[in-house]
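Since the structure comes first, as C-alpha cells, the remarks are kept for the end.
We number each residue from 1, following the sequence as shown. Predicted, not measured: the structure shown is a model, and the values here were computed from it.
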Amino acid sequence: MKVAVLMSGGVDSTIAALLLREAGHQVLGLTMVNWDEEAARKARAAAGILDIRHHVVDLREVFQDRVVDYFCQSYARGETPNPCVECNKWIKFGPLLDKALELGCSRIATGHYAQVETGQQGRYLLKRGVDAAKDQSYFLHGLTQEQLSCTLFPLGSLLKEQVRCMGGNHGLPAAREKESQEICFIPGDYRDFLKERINYQPGPIMDLQGRVLGVHQGLPFYTIGQRKGLGISGGRPIYVVSLDREKNQVYMGDEESLLSHTLWAADCNFIAIPSLTKPLTVNARIRYRAPLAEARITPEGNLVRVDFSTPQRAIASGQSVVFYQGDYVVGGGRIVSHHPARHGGNGETDTGSLV
C-alpha cells in the first residue's frame with residue numbers, strides 16, 4: 001500500500017513513517033508549510049534519514065484563512081479557540097489528504113496517538129490511544145467517515161517512551177527534543193500575537209454584584225478561569241467567570257462561580273453514530289486535559305445540550321466538548337454557551353453501548 005505520512009520533523013511522525021516502511025508499505029513524506037519553513041526543513045532531514053521521498057505543500061493561504069483568522073476572530077468574540085481541532089479538520093485531513101491522493105496514495109498517516117477501527121455497522125470508529133497521557137483523540141473528533149477511512153495512526157498502540165526509544169535507536173535528533181506546548185504559529189505570548197491583528201479596547205472588570213473592581217486591557221486577553229495577571233486584588237481568590245462582549249466587561253467571581261452543570265455545543269460531528277436523535281449517556285471532556293465526566297447529551301435543534309452529573313469547572317465558549325463511550329469517540333462539537341445548574345429533562349435516555 002502506498003501511504004503518505006504527514007511529517008513535521010518530530011519524533012512521532014518520523015517513527016510513524018518508519019513503522020509503515022518496516023511493515024512493507026511504500027511510504028513518502030508529506031509536509032505543509034503553514035507559517036514558516038522550519039518544519040519542512042526538519043521533515044526533509046528526517047525523510048532523508050529514513051531514505052524516503054519527501055514532498056512539501058505550501059498551504060499558507062488556506063492555513064491563514066482556516067486557522068489563524070479563526071483563532072483571532074474567536075478571541076475577538078470573547079471565546080477560547082481550539083486551533084488544533086480546526087487544523088486537523090480543514091488542513092491536515094483536507095488539502096494534505098487531497099495532495100496524498102493526487103500523488104497516488106491510498107492512505108495518509110500521522111503521528112497522532114489515536115486509533116481507527118471498523119465497527120460492526122461498517123462505520124469507521126475513532127478510539128483513544130493506548131498511552132493515556134498522550135491520547136490525542138480529543139483533537140480528532142471533527143473527522144468525517146470519509147477522512148477516517150483514509151487514515152492510519154501507527155502510534156496508537158504505543159507508549160510515548162517506546163516511540164522515543166525507537167527514535168534514539170535510529171539516530172533521530174528529534175528523539176531527544178523536548179516537546180513543544182506552544183501553538184505552532186505563535187512563538188511567544190498569544191496576547192502579543194493578537195494585539196497586531198484584532199481590535200480591542202479597555203473596559204471595566206466587575207464582580208457579580210455589579211461593583212467595578214478595575215480595568216481590563218481588552219476581552220481577548222482574558223480566559224474563563226483565569227486568576228493571575230488581572231491587576232486587581234479581591235482580598236480572596238477570584239477568577240474570570242464570564243466575558244460580556246456587548247458591554248465589553250469582564251466578570252469576576254469565586255471558585256464556586258466557575259461551576260456549571262450544563263453547556264450547549266454547535267457544529268457537532270458524530271463518529272460512532274450517524275447523528276444524535278435521542279438522549280444518550282456518555283463521558284464528556286470539556287478541554288484537552290480535563291477529566292472525563294459522566295453526562296447526558298440531548299439534541300436541541302442544531303445544538304446538543306450536555307448535562308453533567310457533577311458540575312464542571314471553567315467551561316469556556318469556543319473550546320471543544322468531546323463525547324466518549326469507553327475508549328471510543330462518540331463525537332463532539334464547539335461549546336457555544338453555558339449557565340449554572342441545569343438538570344433534569346424529559347425523554348428516554350439511551351445508556352447502552354454504541355460500539
Tell me, yes or no, whether the heavy-atom count around Gln209 atom CD, taken from other residues, nucleotides or ligands under 6.0 Å, exceeds 12. yes
CA sep, side-chain torsions, deciding dist, call: Asp307, His261, side-chain contact (heavy atoms from CB on, under 4.5 Å): CA-CA 6 Å; Asp307 290 294; His261 274 96; 5.7 Å; no
Show, in sequence, the C-alpha distance, side-chain angles and deciding distance for Ser74 and Thr80, and conclude whether the side-chain contact (heavy atoms from CB on, under 4.5 Å) test is met. CA-CA 7 Å; Ser74 183; Thr80 304; over 6 Å; no
From Leu263 CG over to Ile297 CD1, what is the distance, rounded to the nearest 0.5 angstrom? 10.5 Å
Quick one: CG on Leu276 to CD on Glu300, what's the gap to the nearest 0.5 Å? 10.5 Å
Is Val250 close to Leu219 at the side-chain level, that is, under 4.5 Å between some pair of heavy atoms? yes
Hey, does the side chain of His170 reach the backbone of Met166 with a donor-acceptor pair shorter than 3.5 angstrom? yes
Which distance, rounded to the nearest 0.5 Å, do you find between the CD1 of Ile49 and the CZ of Arg44? 13.5 Å
When every non-hydrogen atom of Ala175 is compared with those of Gly168, the smallest separation belongs to CB-N, 3.5 Å
Taking side chain as C-beta onward, heavy atoms only, is Thr110 less than 4.5 Å from Phe153? yes
Between Lys89 and Gly142 the two heavy atoms that sit nearest each other are CD-O, 3.7 Å
I need the minimum non-hydrogen distance between Gly318 and Glu79, along with the two atoms involved. CA-CB, 4.0 Å
Would one find more than 12 heavy atoms of other residues, nucleotides or ligands at under 6.0 Å from atom CD of Gln64? yes
Going only through I, L, V, M, F, W and Y residues with side-chain contacts under 4.5 Å, is there a path from Tyr222 to Val215? no
Give a yes or no on whether the backbone of Cys84 and the side-chain of Asn88 come within a donor-acceptor separation of less than 3.5 Å. yes
Nearest-0.5 Å distance that lies between atom NZ in Lys42 and atom OG in Ser13: 9.0 Å
Would you say His216's side chain and Gly218's backbone share a donor-acceptor pair under 3.5 angstrom? yes
Cluster overlap Phe139 with Ile271, hydrophobic side-chain contacts below 4.5 Å: yes
Looking only at heavy atoms, what is the nearest atom pair of Leu280 and Gln325, with distance? CD1-NE2, 3.9 Å
Connected hydrophobic set around Leu159, excluding itself, where side chains approach under 4.5 Å: Val130
Closest contact, heavy atoms only, Arg245 versus Ala76: NE-O, 3.7 Å
Indicate whether the side chain of His55 and that of Thr31 have a donor and an acceptor atom separated by less than 3.5 Å. no
So if I apply the side-chain contact (heavy atoms from CB on, under 4.5 Å) rule between Gln312 and each of Leu258, Val321, Ile286, Val306, which one comes out positive? Ile286
Before you tell me yes or no, could you show the steps for Met32 and Cys87 under side-chain contact (heavy atoms from CB on, under 4.5 Å), namely the whole-Å CA-CA distance, both residues' side-chain angles and the distance that decides it to 0.1 Å? CA-CA 11 Å; Met32 66 171 168; Cys87 183; 3.8 Å; yes
Is Arg77 close enough and on-axis enough to Tyr75, meaning under 6.0 Å and within 45°, for cation-pi? no
Would you say the side chain of Met252 lies within less than 4.5 Å of the side chain of Val240, judging by non-hydrogen atoms? yes
Using only atom types and a distance under 3.5 Å, with no angle test, would you say the side chain of Thr14 pairs donor to acceptor with the backbone of Gly10? yes
Check for a donor-acceptor pair, side chain of Tyr124 on one end and backbone N or O of Ala272 on the other, with a separation under 3.5 Å. no
Considering non-hydrogen atoms only, spot the tightest contact between Cys72 and Phe193 and give its length. SG-CE2, 3.9 Å
Can you check whether Tyr324 and Tyr328 have ring centres sitting under 6.0 Å from each other? no
Side chains of Val3 and Cys105 in contact at under 4.5 Å (non-hydrogen atoms): no
Under 4.5 Å between side-chain heavy atoms, hopping through other hydrophobics if needed: is there a path connecting Val322 to Phe93? yes
Report yes if the side chains of Asn248 and Gln201 come closer than 4.5 Å at any heavy-atom pair, otherwise no. yes
Assert yes or no for the condition that the ring centre distance of Phe185 to Phe63 is strictly below 6.0 Å. yes
Rounded distance [0.5 Å steps], SG in Cys150 versus CG in Asp98: 9.5 Å
Is the shortest heavy-atom distance from the side chain of Phe308 to the side chain of Thr262 under 4.5 Å? no
Whether over 12 other heavy atoms sit under 6.0 Å from Asn169 CG: yes
Under 6.0 Å from the CD atom of Glu37, do we count more than 12 heavy atoms belonging to anything else shown? no
Tell me whether the count of non-hydrogen atoms from other residues, nucleotides or ligands lying under 6.0 Å of NZ in Lys2 goes above 12. yes
Test of understanding: clusters of I, L, V, M, F, W, Y form through side-chain heavy atoms closer than 4.5 Å, transitively. Do Val11 and Leu152 belong to the same one? yes
Side-chain contact, heavy-atom cut-off 4.5 Å: Arg128 with Leu292? yes
Side chain to side chain donor-acceptor pair (under 3.5 Å), that's the test. Do Tyr239 and Gln226 meet it? Break it down for me. CA-CA 5 Å; Tyr239 307 83; Gln226 181 178 337; over 6 Å; no
Mind checking whether His141 and Ser320 have side chains closer than 4.5 Å, heavy atoms only? yes
CG of Leu125 to OG of Ser137: how many Å apart, nearest 0.5 Å? 12.5 Å
Test of understanding: clusters of I, L, V, M, F, W, Y form through side-chain heavy atoms closer than 4.5 Å, transitively. Do Val116 and Leu155 belong to the same one? no
Taking atom CD of Gln121 as the centre, does the number of heavy atoms from other residues, nucleotides or ligands within less than 6.0 Å exceed 12? no
Could you work out the complete set of other residues in the hydrophobic cluster of Val56, with links drawn between I, L, V, M, F, W and Y side chains under 4.5 Å apart? Val33
Count the heavy atoms of every other residue, nucleotide or ligand shown that sit under 6.0 Å from CD of Glu61, and state whether that count exceeds 12. no
State which residues pass side chain to side chain contact (heavy atoms under 4.5 Å, CB included) with Arg287; sequence neighbours excluded, sorted by chain then number. Tyr138, Ala290, Ala314, Gln319
Under the criterion side-chain contact (heavy atoms from CB on, under 4.5 Å), I'd like the reasoning laid out for Asp192 against Lys195: C-alpha separation, chi angles, the key distance, then a yes or no. CA-CA 5 Å; Asp192 295 330; Lys195 286 176 182 178; 3.9 Å; yes
Aromatic centroids of Phe221 and Tyr200 separated by under 6.0 Å: yes
Is the closest basic N to carboxylate O distance between Asp12 and Lys160 below 4.0 Å? yes
Got a donor-acceptor contact below 3.5 angstrom from the Asp207 side chain to the Leu213 backbone? no
